[in-house]
Visitor: 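Quick one: the structure is below, questions incoming.
We count residues from 1, following the sequence as given.
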Amino acid sequence: MAVRKFKPVTPGQRNKVISAFDDITCKTPYKPLLEPIKKTGGRNNQGKMTVRYIGGGHKRMYRIIDFRRDKDNCKAEVMTIEYDPNRSARIALVKYEDGEKRYIIAPNGLKVGQIIESGAGVAPEVGNALPLSDIPLGTLVHNIELRPGQGAAMARSAGTFAQLAAREGKHAILRLPSGETRMVLVTCRATVGTVSNPDHNLESHGKAGRRRWLGRRPRNRGVVMNPVDHPMGGGEGRASGGHPRSRKGLPAKGYKTRNPKAISNKFIIERRKK
């Protein structure tokens, strides 16, 4: 997995850096695992805009991903490694011994023809999903559940991973990609390895049009607006805007928005690094 840089033949190619897609083995998705996506343009069911700067974009189909990995004691062969327009990571189409096919988040290093498993007691090898109680300490994992049977909720984007630091009683201590250290039940499942496409953070759109293909419209700053439109708007000349805050007036730098009474606070050992 690498990235491609371009000679600046056109202005849009001067800063363009995209994935080389050399890990992709199939260009057409598996149709039975596709669902249509309806674009909202940032509007709710009343037609009112609730999220700004969303609209347009290329048409997509959603790939149904197996985040639970609950098909135990049944080996699966990796059929293809595919591109998914809905996420930064690659996905893999796997075929189980009984003939069923599912999409999973592809770990880094997963190859076509490789055999993977899930369930308690399986080997802690790349691509295998098993409870945190069966994974050796120090192992890098991804697709981690927060509650048993819920399905993967943490460390799912390209190149991310968490490290299993310790186990205390019925909880495992994980060091998450954000720098946060938290406790998770040892009955929760995780997949061994790191997420594929680790060079995703090196990519650069190069031009505004590539952002529009993703459905992202131009975003204008609050300081250039009028006072009626934004708390940071107005002023004579190029005013700095005062204290940075959102359109609704909430401070944007250092203001804690997490509920101090959240039940999950007791599971967080160390907060993420600012």
Visitor: Would Lys101 count as a cation-pi partner of Tyr96, with NZ or CZ less than 6.0 Å from the six-membered ring centre and within 45° of the ring normal?
Guide: no
Visitor: Nearest 0.5 Å, please: how far is CG in Asn128 from NZ in Lys75?
Guide: 10.0 Å
Visitor: Nearest 0.5 Å, what's the CD1-OG distance between Ile24 and Ser19?
Guide: 7.0 Å
Visitor: Is it true that Arg90 and Thr80 share a donor-acceptor pair across their side chains at a distance under 3.5 Å?
Guide: no
Visitor: Is it the case that the side chains of Glu82 and Tyr30 hold a donor-acceptor pair, with the cut-off being a distance below 3.5 Å and no angle test?
Guide: no
Visitor: Can you tell me which residue pairs pass the side chain to side chain donor-acceptor pair (under 3.5 Å) test with a partner in residues 35-46, sequence neighbours excluded?
Guide: none
Visitor: How many angstroms lie between atom CG of Asp84 and atom CD1 of Ile105, to the nearest 0.5 angstrom?
Guide: 7.0 Å
Visitor: Could you note down all residue pairs passing side chain to side chain donor-acceptor pair (under 3.5 Å) where residues 216-229 supplies at least one of them, sequence neighbours left out?
Guide: Tyr53-Asn220
Visitor: Please assess Val94 against Ile116 for the test side chain to side chain contact (heavy atoms under 4.5 Å, CB included), listing each intermediate value before the final yes or no.
Guide: CA-CA 9 Å; Val94 298; Ile116 60 172; 3.8 Å; yes
Visitor: Test: ring-ring contact (aromatic ring centres under 6.0 Å, His included). Region: residues 224-271. Which pairs qualify, not counting sequence neighbours?
Guide: His171-Phe267
Visitor: What pairs of residues pass the side chain to side chain donor-acceptor pair (under 3.5 Å) test when at least one of them lies in residues 54-70, not counting sequence neighbours?
Guide: Asp66-Arg102, Asp70-Arg102
Visitor: Tell me the side chain to side chain donor-acceptor pair (under 3.5 Å) pairs involving residues 176-186, sequence neighbours left out?
Guide: Glu180-Arg271
Visitor: Quick one: list whatever passes ring-ring contact (aromatic ring centres under 6.0 Å, His included) with Tyr83, sequence neighbours left out.
Guide: Phe21
